[in-house]
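Worksheet: the structure to be examined is printed underneath.
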Amino acid sequence: MLDIQALRNDLDQVAARLQARGYALDIAAFNRLEQERKTAQTQTQDLQAKRNTSSKQIGIAKSKGEDVSAILAEVAGLGEQLKANEARLADVQAELQSLLLNVPNLPHSSVPVGKSEADNVEVRKVGTPRRFDFEIKDHTDVGTPLGLDFDTGAKLSGARFTLMRGQIARLHRALAQYMLDVQTEQHGYTECYTPYLVNRETLVGTGQLPKFEEDLFRTKSLNTSLDFEDNELRDLQTAFQSGDFDDTLTRMSSWFDRQGGLYLIPTSEVTLTNTVRDEIVAAEALPIKLTAHTPCFRSEAGSYGRDTKGMIRQHQFDKVEMVQIVHPESSYDALEQMVGHAENILKALELPYRVVLLCTGDMGFGAAKTYDLEVWLPAQDTYREISSISNCEAFQARRLQARFRNAQGKPELLHTLNGSGLAVGRTLVAVLENYQQADGSVTIPTVLQPYMGGLQAIRA
RNA sequence: GGAAAGGUGGCAGAGUGGUCGAAUGCGCCGGACUCGAAAUUCGGUAUAGCGGUCUCCGCUAUCGUGGGUUCAAAUCCCACCCUUUCCGCCA
């Protein structure tokens, strides 16, 4: 969420910076809502002040045993007027809030302006892709004989699910364990175990909601009664029959909320970052560095047909996440550090990769600056995203009301950063493809061998 | 799932319709005392929004959340959420 003061004072400049990332801010709508808000708020507050003083007078008069009918007559009807004004103010503020919740973050000045992936800037390339003296296979062909089973995954759950058996399941676990150990032992992150199901508020805090509901999986509790109230059902029916689908969805969603429906996390950035929601942390506690190995669940709506083969794009994948919660002055240092923390994993695994600085048009909703790490996949003859590290500045912190006490003792918004360190599934893909041998076996990277019981290669 | 208790400031905890944003204690900040510290003592100490004559002042909101009653709600009523304890079930 952007600072509403920035929008009030500098609307044109903010709009121009948003334009750079392809977001058209509705300036007229904002101005109109702000105008309405201003009048509604001053009028409401005047009425409230009038009510408060009159009520106080009544209290004083009564304690003295005086007659209060004159003052009572004065405030007659004030209640109705006040109620109407308060309702109008609440409406306008809700509208402003929802407008604000849907505006993406401002890009940092060092971010290249661009429209798409094509405008991203390669920062550096590390490692040399291996030369193969045999015909290389992609990870599905390498992995299938070793226990990668897409058919069973599909049988159990559907497309974009995978079952792993035997050595390859162990390799997957070894990768996650290794990454977690490096992040905790070498980079100073605190290991966390977090819930995989979270409430709505948590997802609003990190920015997945309200805008990206369709990217998430949502559950509902079966223990509660699923009955609608009679009038609710009638209203829902009316909304549906009149073809007002927005209204229908709103009503269903509000009903759903009351059923205790929780969402599956799309990344543990959500849970780790939300640990500081509604907190005022001590400045000495900064930076807070957290890591977790969790599954991530994504509906992948709108990506039909993309990466349908293999385990590049799954509904469920594991990830070791890094989150830093820092003083605003050090967030850009922290961003560079975190890129290094993710790179160290790739270096240790001896996987060739490149670091890419995302352009304004390719960044995520909450990011002010993002680096992607892309790993070399020989079968695709290209680099593919394996990590994404972002500085969200105060964008999430403002939604979360996550603050610290500054030198003046005043609460001030923190900066939040998150990054993958790394995506485990895609790392497995990279290992399978880069370490494949002519005989169909896969060599185990040296650093993983202790996690594999000393095994140097896996074979069918 | 059943029963009970409870959710108040950074923390502990009082307040059960009226000058209550809220006693008191702890913590924190500043002063006094002291060579210095501790102890003692005095004063200060929430957040957000709006407005102004804008290093200051005024107004408004906030006592789990949402609604209701009332001229007036931390306090009364309703619904929900959460926490704790006991019982049941359970990995």
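Everything numeric in this text was worked out from a predicted model, so none of it was measured. So you know, we letter chains A, B, ... as the sequences are listed, proteins then strands, and number each from 1. Side-chain atoms are counted along with the backbone in the values below, which use heavy atoms only and exclude waters and symmetry mates.
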- Query: Within the pair A:Lys83 and B:U69, is there a side-chain N or O less than 4.0 Å away from OP1 or OP2?
  - Reply: yes
- Message: Just N and O in the side chain of A:Asn52: are any of them under 4.0 Å from OP1 or OP2 of B:A61?
- Response: yes
- Task: For A:Arg405 and for A:Glu34, find the nucleotide of RNA chain B with the closest heavy atom, then tell me which residue's nucleotide is more 5'.
- Result: A:Arg405
- Item | Whole-angstrom distance between B:C26 and B:U34, as gauged at atom C1' | 25 Å
- Message: Expressed as a whole number of angstroms, how long is the span from A:Leu89:CG to B:G51:C1'?
- Response: 15 Å
- Item | Minimum-distance pair of heavy atoms, taken over all atoms of A:Val323 and A:Tyr189 | O-CE2, 3.9 Å
- Query: Does a side-chain N or O from A:Arg51 land closer than 4.0 Å to OP1 or OP2 of B:A61, or not?
  - Reply: yes
- Task: Assess whether one donor atom and one acceptor atom, taken from the side chain of A:Lys62 and the base of B:G18, lie less than 3.5 Å apart.
- Result: yes
- Could you tell me the separation between the CD atom of A:Glu284 and the P atom of B:C28, rounded to a whole number of Å? 12 Å
- Task: Go through B:C71, B:U60, B:U19 for me and flag the one nearest to the A:Ala49 side chain.
- Result: B:U60
- Task: Check whether any side-chain nitrogen or oxygen of A:Arg403 sits under 4.0 Å from OP1 or OP2 of B:A48, and answer yes or no.
- Result: yes
- Query: Counting side-chain heavy atoms from C-beta on, which of B:U47, B:U19, B:G49 comes nearest to A:Gln41?
  - Reply: B:G49
- Message: Tell me whether A:Thr370 contacts the main-chain N or O of A:Ala367 through its side chain, where contact means a donor paired with an acceptor under 3.5 Å.
- Response: no
- Item | Phosphate-side-chain proximity, A:Lys38 and B:G51, N/O vs OP1/OP2 below 4.0 Å | yes
- Item | Spacing between A:Leu47 atom CG and B:A72 atom P, to the nearest angstrom | 13 Å
- Query: Which of these nucleotides, B:A61, B:G49, B:C71, is closest to any side-chain atom of A:Gln5?
  - Reply: B:G49
- Looking at the rings of A:His293 and A:Tyr193, which for Trp means the six-membered one, are their centres under 6.0 Å apart? no
- For A:Val204, does its backbone N or O pair with a side-chain atom of A:Arg399 as donor and acceptor, under 3.5 Å? yes
- Task: Measure from CG on A:Leu72 to P on B:G18 and round the result to the nearest Å.
- Result: 17 Å
- What does B:G18 pair with, Watson-Crick or G-U, if both distances are under 3.5 Å? B:C71
- Message: Would you measure the distance from the P atom in B:U62 across to the matching atom in B:A4 and give it in whole Å?
- Response: 31 Å
- Message: Without decimals, in angstroms, what is the distance between A:Gln48 CD and B:G49 P?
- Response: 17 Å
- Task: Run the ring-centre check on A:Phe297 versus A:His315 and record whether the distance is less than 6.0 Å.
- Result: no
- Walking RNA chain B from its 5' end, the first of A:Thr44 and A:Ile60 to be reached, judged by nearest nucleotide, is A:Ile60
- Note on the structure: Atom CZ of A:Arg37 and atom P of B:U60 are separated, to the nearest Å, by 17 Å
- When only distance counts, do a donor and an acceptor, one from the side chain of A:Gln45 and one from the base of B:G49, lie under 3.5 Å apart? yes
- Rounded distance (Å) that lies between atom P of B:U69 and atom CG of A:Leu82: 13 Å
- When we call it a touch if two heavy atoms are under 4.0 Å apart, what does A:Ser54 touch: a base, just sugar-phosphate, or nothing? nothing
- Note on the structure: To the nearest angstrom, the CD-P distance between A:Glu86 and B:G67 comes to 10 Å
- Message: Does the structure show a Watson-Crick or G-U wobble partner for B:C63, both distances under 3.5 Å? Name it, or say none.
- Response: none
- Query: Would A:Tyr263 and A:Phe217 count as a close aromatic pair, with their ring centres under 6.0 Å?
  - Reply: no
